[in-house]
Amino acid sequence: MTRPFNFSAGPAVLPEEVLRTAASEMLDWHGSGMGVMEMSHRGKEFISIYEAAERDLRELLAVPPQFKILFMQGGGLAENAIVPMNLSRGAMDFVVTGAWSHKSQQEAAKYGRVNIAASGREGGYTAIPDPAGWQIQAGTSYVHLCSNETIDGVEFAQLPDLKALGCDAPLVVDFSSHVCSRPVQWSRVGLAFGGAQKNLGPAGLTLVVVREDLLGHALPICPSAFDYQLVAKNQSMYNTPPTYGIYIAGLTFAWLKSQGGVAAMQARNIAKAQLLYETIDRSALYVNRVGPAARSRMNVPFFLRDEAGQPLLDPAHPRNASFLEGARAAGLLQLKGHKSVGGMRASLYNAMPLEGVQALVDYMRDFERRA
Ligand SMILES: *Cc1c(COP(=O)(O)O)cnc(C)c1O
C-alpha cells in the first residue's frame, strides 16, 4: 500500500515507520504481553519507554542539563494559561506575529498585565517586527513569542537575544509547529513549549522545556498538575502522563536519530520549503504574501488568483474547489487553508518527504497550465 501525501497543519502526518512499529507492537510491547496503553506508568516497561524518549529528545535538540524536559497534557493552548500561572509576577510582554501569539496574549491577560511589545498585525502578519524596536516593559516577568506561526506561515529565522536588548527577563517560546525541524538556541530561551500533534506525535501530549531557575514560582491558583516544579520533581508523573503519546513521540525521536538528527532534518526542510516557495514565486497563478525573511519552512499558506489577479480567499470559490478536488485525486491531502485566512496551506513537517513536495509542485504547475 502506498499512502497519499498528507499536508495537514495538525494533527499531522507521522513517519510511516513510526506507525508501522506502533501497529506491530499494539498487542504486545517487546514481549511484555501488554500493549503500551495497558501498562502502569510506574512499571519498569513504561519507565524504560519514558527514559529513552527523554534521553533521545535531549540529544536531538541538544537541551542543556540546566533545563528540565516535561511531558504534560493540555496542548499548546493550555500552556497559554499554564505559563503565566507559573511565571507571572504581574506583568508580561508579548511579541505578536500571528494568530497563535495573539491568542496567547489574550489568555495571559487573565493572569496579569499584558504589554504588546511589538505586533505584526498592521502589516497582516507578513513580517517579524525588528527586535531593536520592541517596547519591552521594565521589570516584566517574561517575553513570549511564537517562533513559528502555524496559521500565518511566519517563522523566526533567529530567536532574539533579550540580553542584547537590555532585558533580563526569560524568553518564552511557543515552538509547537516547528519543534525538531531545526536546532534551538537554548542560551536565549527560558522556556519552550509545544503540542506534539504537529511534528512529534499524537494530540494530547505537550512538551515543555524549562530552565531550572524558573521552577517554584507558581501562583497559588495554579493547579497542582500544572505546577512545573511539581511536574519536574516527579519526572512528569505527578499524575498519569499521556503514556501512549510519549511512546509515539519516543518512536518519532528514534526515527529522527536514524535520519541523521535535527541538522539533517533542517537541511531537508530547507530544500522542501525552497522548492515550494520557488514554485509559488515563479507562477502567475499562486501567491504567498509573507516577506521572504519571515517565511515559514513548516507551514506555507498560499492563494490562487482570480482572472483579475486578486487572491482567492474563499475555499468554496470554483477555482479553489477545483484545485482541492484535483489535489485529492492526485493523492495530495488536506491542503485547504485555515478558516481565518482562507486559500490553501501546505504543511511540510519532518515526516513529509521531499517527494511529497515534488508531487505537490508538479500538481500545482499542471493545474496552472490547465487554469
Ligand atoms: C496548534 C498550535 C497551538 C495549539 O495547540 P492545541 O494542542 O490545539 O492547544 C498553539 N500554538 C501553535 C503555534 C500551534 O501551532
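When a ligand or atom number is given, it counts from 1 through the structure's own listing order. The structure presented is a predicted model; accordingly, all values stated were derived computationally and were not measured.
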S.K.: Show which atoms of ligand 1 fall inside a sub-4.0 Å distance from at least one heavy-atom site of T150.
M.R.: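 By the 4.0 Å cutoff, the relevant atoms are 12 (C), 13 (C), 14 (C), 15 (O).
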S.K.: Flag A78 as yes when one of its N or O atoms lies below 3.5 Å from any N or O atom of ligand 1, and as no otherwise.
M.R.: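 In this structure, A78 places no N or O atom under 3.5 Å from an N or O of ligand 1.
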S.K.: What about I47 and L205, same hydrophobic cluster or not, with Ile/Leu/Val/Met/Phe/Trp/Tyr joined at side-chain heavy-atom distances under 4.5 Å?
M.R.: yes
S.K.: Given salt bridge (Lys or Arg N to Asp or Glu O under 4.0 Å), test R289 with D152 step by step and report yes or no.
M.R.: CA-CA 10 Å; R289 300 190 284 198; D152 304 277; over 6 Å; no
S.K.: Does anything in residues 302-323 form a salt bridge (Lys or Arg N to Asp or Glu O under 4.0 Å)? List the pairs, not counting sequence neighbours.
M.R.: E307-R319
S.K.: Hey, is the main chain of Q235 close enough, under 3.5 Å, to the side chain of Y50 for a donor-acceptor pair?
M.R.: yes
S.K.: State the atoms of ligand 1, each with its element, that fall below the 4.0 Å cut-off from a heavy-atom position in S177.
M.R.: 15 (O)
S.K.: Kindly determine whether R20 and E16 satisfy salt bridge (Lys or Arg N to Asp or Glu O under 4.0 Å), including the steps that lead there.
M.R.: CA-CA 6 Å; R20 288 193 185 285; E16 188 168 323; 2.7 Å; yes
S.K.: Between F193 and H144, how do the two ring planes meet: parallel, tilted or perpendicular, split at 30° and 60°?
M.R.: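 Tilted: the ring planes of F193 and H144 meet at 30° to 60°.
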S.K.: Of all the heavy atoms in G10, does at least one lie under 4.0 Å from an atom in ligand 1?
M.R.: no
S.K.: Which atoms of ligand 1 are found less than 4.0 Å from any heavy atom of C146?
M.R.: 13 (C)
S.K.: Tell me: protein heavy atom nearest atom 14 (C) of ligand 1, and distance?
M.R.: K198 NZ, 2.8 Å
S.K.: For residues 201-218, pull every pair meeting salt bridge (Lys or Arg N to Asp or Glu O under 4.0 Å), keeping only residues two or more places apart or in separate chains.
M.R.: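 Counting only pairs at least two positions apart or across chains, the salt bridge (Lys or Arg N to Asp or Glu O under 4.0 Å) contacts touching residues 201-218 are K68-E212, R211-D213.
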S.K.: Answer yes or no for Q197: is there a heavy-atom contact with ligand 1 below 4.0 Å?
M.R.: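 Yes, Q197 has a heavy atom closer than 4.0 Å to ligand 1.
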S.K.: Tell me, which protein residue and heavy-atom name are nearest atom 11 (N) of ligand 1, and how many Å apart are they?
M.R.: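 Protein heavy atom at minimum distance: D174 OD2, 2.7 Å.
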S.K.: Take E59 and K257 through the salt bridge (Lys or Arg N to Asp or Glu O under 4.0 Å) test and state the conclusion after the steps.
M.R.: CA-CA 9 Å; E59 180 187 326; K257 283 174 66 175; 3.3 Å; yes
S.K.: Within the structure, is a non-hydrogen atom of G75 found at a distance of less than 4.0 Å from ligand 1?
M.R.: yes
S.K.: Which of the listed options, S147, A12, G76, holds the heavy atom that is closest to atom 6 (P) of ligand 1?
M.R.: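 Looking at heavy atoms only, the winner is G76.
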S.K.: With a 4.0 Å cut-off on heavy atoms, is N148 in contact with ligand 1?
M.R.: yes
S.K.: How far is atom 9 (O) of ligand 1 from its nearest protein heavy atom, and which residue and atom name does that atom have?
M.R.: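 Answer for atom 9 (O) of ligand 1: L77 N, 2.8 Å.
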